[in-house]
Amino acid sequence: VRFDVEETDILFATGPMEERVVSFIRNAGNPVTVKEIAVGIASNPSRVTKSVRELVNSGKVALIEVEGCVREYVLG
């Protein structure tokens with residue numbers, strides 16, 4: 001138990017990675033970055049990046065890309 005950090009919602013901390021990512025994006029209500037997703041589901045950014053890439057390819061998640069800005073994601 002760590003008292004210096006807020007615990008991740010159990011909905012986002014357990015289950016298949018793709019489901020966790022989709023649930024987090026759905027509950028966010030606005031576009032989110034990979035870093036925000038990783039923190040929100042208590043995972044590392046490289047695993048989240050891989051899952052997000054697969055979700056974008058399948059059409060479940062959409063990429064919002066503006067030149068000079070960080071990539072953000074929403075449900076597809």
Hits for side chain to side chain donor-acceptor pair (under 3.5 Å) against Asn30, two or more places apart or cross-chain, chain-then-number order -> none
First locate atom CZ of Phe24, then atom CD1 of Ile37, and finally report the distance between them rounded to the nearest 0.5 Å.
7.0 Å
Smallest heavy-atom separation, Ser43 atom then Arg20 atom, equals CB-NH2, 4.0 Å
Would a 4.5 Å heavy-atom cut-off, applied to side chains only, mark Pro45 and Lys35 as touching?
no
Which pair of heavy atoms, one from Val61 and one from Val22, lies closest together, and at what distance?
CG2-CG2, 4.5 Å
Side chains of Leu75 and Arg26, heavy atoms from C-beta outward: is any pair under 4.5 Å?
yes
Could you state the interatomic distance from CE (Met17) to CZ (Arg47), rounded to the nearest 0.5 Å?
3.5 Å
Under 3.5 Å donor-acceptor, Ser58 side chain and Leu55 backbone:
yes
Value for CD (Glu36) from CD1 (Ile25), rounded to nearest 0.5 Å, stands at 10.5 Å
Audit row: Arg71, Val52, side chain to side chain contact (heavy atoms under 4.5 Å, CB included) steps and yes/no
CA-CA 11 Å; Arg71 292 177 174 182; Val52 167; over 6 Å; no
Is Val74 linked to Val56 within one hydrophobic cluster, defined over Ile, Leu, Val, Met, Phe, Trp and Tyr using a side-chain heavy-atom separation of less than 4.5 Å?
no
Would you name the heavy atoms of Pro31 and Ile64 that are closest together and state the gap between them?
CG-CD1, 3.7 Å
A side-chain contact here means heavy atoms from C-beta on lying under 4.5 Å apart; do Leu63 and Tyr73 qualify?
yes
If we only count heavy atoms from C-beta on, is the Glu72 to Val32 side-chain gap below 4.5 Å?
no
